Colleague: 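I have a structure here, written as structure tokens, and I will follow up with some questions on it.
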Amino acid sequence: MTAQPTTTVVLLFGGRSSEHSISCATAGGVLSAIDRDKYTVIPVGITREGAFTLQPDDADTFRLNPEAMPEVVDNGTRVHWPESAASRQLTVTDAEGTTRSLGDVDVVFPILHGPFGEDGTVQGLIELTGLPYVGNGVLASAMGMNKHFTKLALEAAGVAVAPWVTVSAQQWQRTPDVWRKRASSLGFPVFVKPARAGSSVGVTKVSSTEELDAAFATAFAEDSTALVEQAMTGREIECGVLSGRDGGETRVSVAGEIVVTGRDFYDFDAKYLDVSAAELICPAPLRDGELWQMQRTAARAFESIGGAGLARVDFFFDGTEFVVNEINTLPGFTPISMFPKCWAASGMSYPELIDELIELGLETVR
């Protein structure tokens, strides 16, 4: 029997952001689960300096390990994108200077988190090549990455968000007293966070005016713009979103819930380094009417930014209203992350979810 041709997938990971290691861990999860009978994988790792390198097709190399976080090591190779939109051929130059073909590419699967990957920049690069790709386009990625503009879009769509104040680093430097007053007007506690970052990087919970200066310094180390957001009370609920197939309705998973123990909030360490700091419950206990309300709100949020492919929508739920905390257009995708856990609880396994995302990437018209 003649073997069926496989689909060639460029798995694009790493990147210049502070979430580099989390992207690598996501790559490890995908490499371990992708169906090798269906797909040929070209693992392209972006170093912290932004070099596109050919990496080993080895899940263990990029496995999440709190003691030694995975990283794209610059091995001297350089991957080159197609020379024009008329070609689908990737090439690589090895450390000795020899260039060879990696073959034609069917689809690019970017699993980059944070700036220079999740924010529309890499999506724009792939658009220029003309290659199909998984996930959100330039606009939705840029919108989802910027918390200020996400909130504006959600408010315009009638979706509830937490009250907030946005300030640039230059505004803070010019008139810090003005911004201390505006931040304090929201009422303490508040969260100070970078406008464009994920995985709770650069986020500080602030309980008094005296703590604001240090919190802004932490946020501005990640981005030139920061948000001060009123702390919301209630359960932390999340769900996965997928585009509909063949123009169908947006699909939303069952709910997951984060129960934080021993920390003020669900920070980077609780997400990735300390397994005892939080419990991920999926499916989360919600009444039928509450689940319907959450799913309807998640779909509306996704559609309000022009979402395509996938997203995770995070809420605070006070028992009456679902308030959107964030839309993550390229959520954590390790096998233990909330996005795949929610879809597994909805009947779609991790390998099936990878299949679905690739199929959506091949058919999506953005």
Side-chain angles (χ1 to χ4, degrees), residues 9-31 34 41-55 57 59 61-64 69-74 78-79 81 90 105 107-129 131-147 150 194-202 222-223 240 268 271-272 305 307-312 326-334 337-340 353-354 357-358 360-361 364 366:
V9 180
V10 172
L11 190 65
L12 191 59
F13 61 96
R16 292 171 53 194
S17 85
S18 55
E19 298 174 73
H20 177 102
S21 292
I22 304 308
S23 173
C24 292
T26 296
V30 174
L31 288 172
I34 194 167
V41 180
I42 303 175
V44 176
I46 305 175
T47 69
R48 291 186 185 273
E49 292 72 39
F52 290 76
T53 65
L54 184 63
Q55 291 292 310
D57 187 355
T61 299
F62 303 106
R63 196 173 301 281
L64 182 62
M69 296 291 278
E71 184 159 344
V72 174
V73 176
D74 192 344
R78 292 295 182 266
V79 172
W81 294 98
L90 245 63
V105 171
V107 64
V108 181
F109 193 162
I111 47 173
L112 298 151
H113 304 307
F116 310 111
E118 191 178 348
D119 58 356
T121 50
V122 162
Q123 288 75 16
L125 169 66
I126 304 170
E127 290 273 5
L128 288 172
T129 69
L131 292 171
Y133 63 98
V134 172
N136 291 276
V138 175
L139 177 60
S141 297
M143 289 277 287
M145 190 78 236
N146 192 307
K147 298 176 178 66
T150 297
R196 294 168 294 187
S199 295
S200 299
V201 173
E222 295 292 329
D223 191 19
F268 182 92
K271 288 180 177 180
Y272 302 112
I305 65 166
L310 76 160
R312 193 192 69 233
E326 181 181 1
I327 303 175
N328 193 317
T329 56
L330 224 168
F333 200 74
T334 69
S337 297
M338 185 66 91
F339 179 81
L353 183 57
I354 293 171
L357 290 171
I358 291 171
L360 284 171
T364 295
R366 297 174 182 83

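Residue numbers start at 1 and run along the sequence shown. Keep in mind that this is a model prediction, so the values were computed, not measured. The figures here come from the full heavy-atom set of this structure, side chains too, leaving out hydrogens, waters and symmetry mates.
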Colleague: Looking at every non-hydrogen atom in both residues, tell me the closest pair between Gly332 and Ser337 and how far apart they are.
Modeller: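 So the two residues come closest at O-CB, 3.2 Å.
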
Colleague: According to the interplanar angle, ranging from 0 to 90°, do the rings of Phe13 and Phe62 count as parallel (below 30°), tilted (30 to 60°) or perpendicular (above 60°)?
Modeller: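 Phe13 and Phe62: perpendicular rings.
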
Colleague: Nearest heavy-atom pair of Leu357 and Gly309: which atoms, and what distance?
Modeller: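 Closest pair (atom of Leu357, atom of Gly309, distance): CD2-O, 4.4 Å.
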
Colleague: Give the intermediate values and the outcome of side chain to side chain contact (heavy atoms under 4.5 Å, CB included) for residues Ile354 and Phe109.
Modeller: CA-CA 10 Å; Ile354 293 171; Phe109 193 162; 4.2 Å; yes

Colleague: Backbone N or O of Ala311 within a donor-acceptor pair of the Asn328 side chain at under 3.5 Å?
Modeller: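 Here the side-chain-to-backbone pair does not exist.
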
Colleague: Quick check: does any side chain N or O of Thr53 sit under 3.5 Å from a backbone N or O of Asp74, one acting as donor and the other as acceptor?
Modeller: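 Between the backbone of Asp74 and the side chain of Thr53 there is no qualifying donor-acceptor contact (under 3.5 Å).
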
Colleague: Any side-chain to backbone donor/acceptor pair from Asp119 onto Ser141? Under 3.5 Å, distance only.
Modeller: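 The answer is no, because no donor-acceptor pair under 3.5 Å joins these two groups.
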
Colleague: Do Glu127 side-chain atoms and Gly124 backbone N/O form a donor-acceptor pair below 3.5 Å?
Modeller: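 Between the backbone of Gly124 and the side chain of Glu127 there is no qualifying donor-acceptor contact (under 3.5 Å).
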
Colleague: Side chains of Gln55 and Thr61: do they bring a donor and an acceptor to under 3.5 Å?
Modeller: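 Gln55 vs Thr61: no donor-acceptor pair found between side chains.
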
Colleague: Kindly say whether Leu330 contributes a backbone atom to a donor-acceptor pair with the side chain of His113 at under 3.5 angstrom?
Modeller: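 Yes.
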
Colleague: With heavy-atom distances below 4.5 Å as the criterion, would you say the side chains of Ile305 and Thr329 are in contact?
Modeller: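 Yes, at least one pair of side-chain atoms sits under 4.5 Å.
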
Colleague: Is it the case that the side chain of Ser17 and the backbone of Glu19 share a donor-acceptor pair, with hydrogens and angles ignored and the cut-off at 3.5 Å?
Modeller: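 Pair found, side chain donor or acceptor close to backbone of Glu19.
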
Colleague: Quick one: closest heavy-atom pair of Thr129 and Trp81, and the distance?
Modeller: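 Answer, listing the atom of Thr129 first, then Trp81: CG2-CB, 4.1 Å.
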
Colleague: So does Ile22 get a backbone contact from the side chain of Thr26, meaning a donor-acceptor N/O pair under 3.5 Å?
Modeller: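 The answer is yes, because a donor-acceptor pair under 3.5 Å joins these two groups.
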
Colleague: Counting C-beta onward and ignoring hydrogens, is there a side-chain heavy-atom pair between Leu12 and Phe52 closer than 4.5 Å?
Modeller: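 Sidechains of Phe52 and Leu12: in contact.
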
Colleague: Minimum heavy-atom separation for Pro194 and Glu222, please, with both atom names.
Modeller: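 Pro194 and Glu222 have their closest heavy atoms at CG-CB, 3.7 Å.
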
Colleague: Taking side chain to side chain contact (heavy atoms under 4.5 Å, CB included) as the criterion, tell me which of Leu90, Val9, Val44 meets it with Val105.
Modeller: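 Only match with Val105 under side chain to side chain contact (heavy atoms under 4.5 Å, CB included): Leu90.
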
Colleague: So do His20 and Val72 actually touch side chain to side chain, heavy atoms under 4.5 Å?
Modeller: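 Yes, close enough: below the 4.5 Å cut-off.
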
Colleague: Nearest heavy-atom pair of Arg196 and Asp223: which atoms, and what distance?
Modeller: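 Looking at all heavy atoms of both residues, the shortest contact is NH2-OD1, 2.6 Å.
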
Colleague: Are Pro115 and Met145 close enough that some pair of their side-chain heavy atoms sits under 4.5 Å apart?
Modeller: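 A side-chain contact exists here, since the closest heavy-atom pair is under 4.5 Å.
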
Colleague: Compare every heavy atom of Pro70 with every heavy atom of Leu64, then report the nearest pair and how far apart it is.
Modeller: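 Nearest pair, atom of Leu64 first, then Pro70: CA-CD, 4.3 Å.
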
Colleague: Hey, does the side chain of Ser23 reach the backbone of Ile111 with a donor-acceptor pair shorter than 3.5 angstrom?
Modeller: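 Checking the backbone N and O of Ile111 against the side chain of Ser23, a donor-acceptor pair under 3.5 Å is found.
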
Colleague: Test your reading of the model: is there a side-chain donor-acceptor pair from Lys147 to the backbone of Glu326, 3.5 Å cut-off?
Modeller: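 No; zero donor-acceptor contacts below 3.5 Å.
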
